[in-house]
Amino acid sequence: MTSTKQVKDKPLSLQRSMQINFRRKRSKHFTSLLEKVKPQDGKTIHILDVGGTEQYWKLVGFKLDQKIKITLLNLVKAPIQKSENLESVQGNALDLSEYNDQQFDIAFSNSVIEHVGDITCQRRMAEEFRRVAKNYYIQTPNYHFFFEPHFRFPFIQFFPVNVRAFLVFHFRQKGNNKTRARERVMGITLLTVNKMKKLFPEAELYKEKFFGMTKSITMYYFPDRKKSD
């Protein structure tokens, strides 16, 4: 008699489960906008996902078909399974000079702009992001939300750099490198609603709410949607 041992999936943490739910809701909002996009070639919608991964699109339940092609752009080329709809390339969000103006139908980015550097670097990313596509959709965590998602500490973003580095070093970092803790803290610059509006002045604002508080900020620009609505 042969017995089989069943292996149960590891349950998701509350934070991870909530994160997935928010991303799926965001994906539905994006999909509703996508339906209004007219492909430049009349056949395929070309999306540039700055900082994206194949896992993200699968996680949110986004259905890839022959009418959509997504280019994943990262500092290091991201691994993907063989797919006619996904392409992985190496590149820098601050310099997309390899692409022509409005080369893509849509530029997309999820929780990336807070990682590219200070406000000068963020402005450079925003300029390139807006240039390479006819439409765009970009999301980032809200600076004023009480829970900082990268270090999973409440209110840590409001503390001085030295205090943030201390907390990360003692409570969130594996290892004993204080310099690395400070680099991690300095590597994230959260944005406010007002700053995002200044970076993307022509865009509309979509807020994700958690108990009445704005958890994350999305700026989206789909001019053809207004004409067809």
Side-chain angles (χ1 to χ4, degrees), residues 12-34 47-62 70 72-74 78 93-94 106-119 121-130 133 135-159 164 167-168 172 184-222 225:
L12 294 172
S13 67
L14 178 60
Q15 181 196 0
R16 182 60 173 164
S17 179
M18 289 175 59
Q19 184 183 53
I20 292 173
N21 287 334
F22 275 114
R23 286 184 174 181
R24 286 177 177 167
K25 289 180 181 178
R26 192 183 313 144
S27 178
K28 289 181 179 179
H29 179 244
F30 174 71
T31 301
S32 70
L33 297 169
L34 188 64
I47 301 174
L48 177 66
D49 183 358
V50 179
T53 64
E54 179 182 23
Q55 181 184 14
Y56 171 83
W57 294 98
K58 289 182 176 180
L59 192 66
V60 299
F62 190 85
I70 301 176
L72 306 174
L73 183 141
N74 292 276
L94 305 185
I106 303 171
F108 181 94
S109 187
N110 184 76
S111 295
V112 172
I113 194 169
E114 72 271 17
H115 293 279
V116 300
D118 60 15
I119 190 62
C121 294
Q122 291 171 335
R123 188 176 296 112
R124 193 179 309 161
M125 175 183 171
E127 290 171 352
E128 286 288 84
F129 194 81
R130 294 162 61 206
N135 313 274
Y136 62 76
Y137 194 93
I138 183 166
Q139 179 270 353
T140 191
N142 180 21
Y143 172 82
H144 287 124
F145 188 62
F146 76 96
F147 189 77
E148 206 288 336
H150 302 91
F151 303 116
R152 303 186 303 281
F153 260 117
F155 307 111
I156 189 174
Q157 67 270 33
F158 304 121
F159 299 154
R164 281 182 277 159
L167 292 172
V168 171
R172 286 292 180 263
R184 288 182 63 194
V185 165
M186 295 294 290
I188 296 174
T189 305
L190 294 179
L191 290 136
T192 64
V193 169
N194 286 337
K195 287 183 178 179
M196 284 292 281
K197 285 183 176 179
K198 289 180 180 179
L199 291 175
F200 304 95
E202 66 280 316
E204 296 181 66
L205 172 65
Y206 171 70
K207 296 179 180 179
E208 291 178 7
K209 295 286 188 175
F210 180 79
F211 287 102
M213 297 173 287
T214 301
K215 176 183 176 292
S216 74
I217 308 158
T218 297
M219 304 302 296
Y220 63 98
Y221 178 68
F222 286 71
R225 176 183 65 88

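Given the structure is predicted, the values throughout are model-derived calculations rather than measurements.
Atom CD1 of Ile106 sits about 4.5 Å away from atom CG of Leu34, to the nearest 0.5 Å. Note: Asn74 CG to Asp49 CG = 7.5 Å, rounded to the nearest 0.5 Å. A distance of 7.5 Å separates OG1 in Thr218 from CG in Asn110, rounded to the nearest 0.5 Å. Between atom CG of residue Asp118 and atom OG1 of residue Thr189 there is a gap of 6.5 Å, rounded to the nearest 0.5 Å. Note: Ile113 CD1 to Lys195 NZ = 11.5 Å, rounded to the nearest 0.5 Å. From Phe200, atom CZ reaches atom CE of Met219 across 8.0 Å, with rounding to the nearest 0.5 Å.
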| query | Please walk me through it: do His150 and Arg184 pass side-chain contact (heavy atoms from CB on, under 4.5 Å)? | reply | CA-CA 10 Å; His150 302 91; Arg184 288 182 63 194; over 6 Å; no
| query | Would Ile138 and Leu199 count as a side-chain contact (heavy atoms from CB on, under 4.5 Å) if you check the C-alpha gap in whole Å, the side-chain angles of each, and the deciding distance to 0.1 Å? | reply | CA-CA 11 Å; Ile138 183 166; Leu199 291 175; over 6 Å; no
| What's the verdict on side-chain contact (heavy atoms from CB on, under 4.5 Å) for Val168 and Ile156, showing C-alpha distance, side-chain angles and the deciding distance? | CA-CA 9 Å; Val168 171; Ile156 189 174; 4.2 Å; yes
| Verdict with supporting geometry, Phe108 and Trp57, side-chain contact (heavy atoms from CB on, under 4.5 Å) | CA-CA 12 Å; Phe108 181 94; Trp57 294 98; 3.8 Å; yes
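Annotation for Leu190 and Pro141: closest pair CD2-CB, 4.1 Å, computed over non-hydrogen atoms. The minimum heavy-atom distance between Cys121 and Leu94, with the atom names listed, is O-CD2, 3.2 Å. Closest approach of Thr192 and Ile217 over heavy atoms only: C-CD1, 3.6 Å. The two residues Glu54 and Leu72 have their closest heavy-atom pair at N-CD1, 3.6 Å. Taking all atoms of both residues into account, the shortest heavy-atom contact from Val50 to Ser109 is O-OG, 3.1 Å.
For Lys198, the salt bridge (Lys or Arg N to Asp or Glu O under 4.0 Å) criterion is met by no residue, not counting sequence neighbours. Phe129 pairs by the ring pair (Phe, Tyr, Trp, His ring centres under 6.0 Å) definition with Tyr136, not counting sequence neighbours. With sequence neighbours excluded, the residues satisfying ring pair (Phe, Tyr, Trp, His ring centres under 6.0 Å) with His29 are Tyr137, Tyr206, Tyr220. Scanning for side-chain hydrogen bond (donor to acceptor under 3.5 Å, both in side chains) contacts around Gln122 gives an empty result, with sequence neighbours left out. With sequence neighbours excluded, the residues forming a ring pair (Phe, Tyr, Trp, His ring centres under 6.0 Å) with Phe158 are Tyr143, listed by chain and number. Here Arg130 pairs with Glu202 under the side-chain hydrogen bond (donor to acceptor under 3.5 Å, both in side chains) rule; sequence neighbours left out.
Surrounding CE of Met213 are more than 12 heavy atoms belonging to other residues, nucleotides or ligands, all under 6.0 Å away.
Ring to ring, Phe153 and Phe159 are not that close: their centroids are 6.0 angstrom or more apart.
In this structure, the side chain of Asn194 does not engage the main chain of Lys197 through any donor-acceptor pair within 3.5 Å. Checking side-chain atoms of Gln139 against main-chain N and O of Ser111 turns up a donor-acceptor pair under 3.5 Å.
Phe222 and Phe30 have perpendicular rings, their planes meeting at more than 60° on a 0 to 90° scale where under 30° would count as parallel.
When each of Glu208, Lys209, His144 is paired with Thr214, the side chain to side chain donor-acceptor pair (under 3.5 Å) condition holds for Lys209 and for no other.
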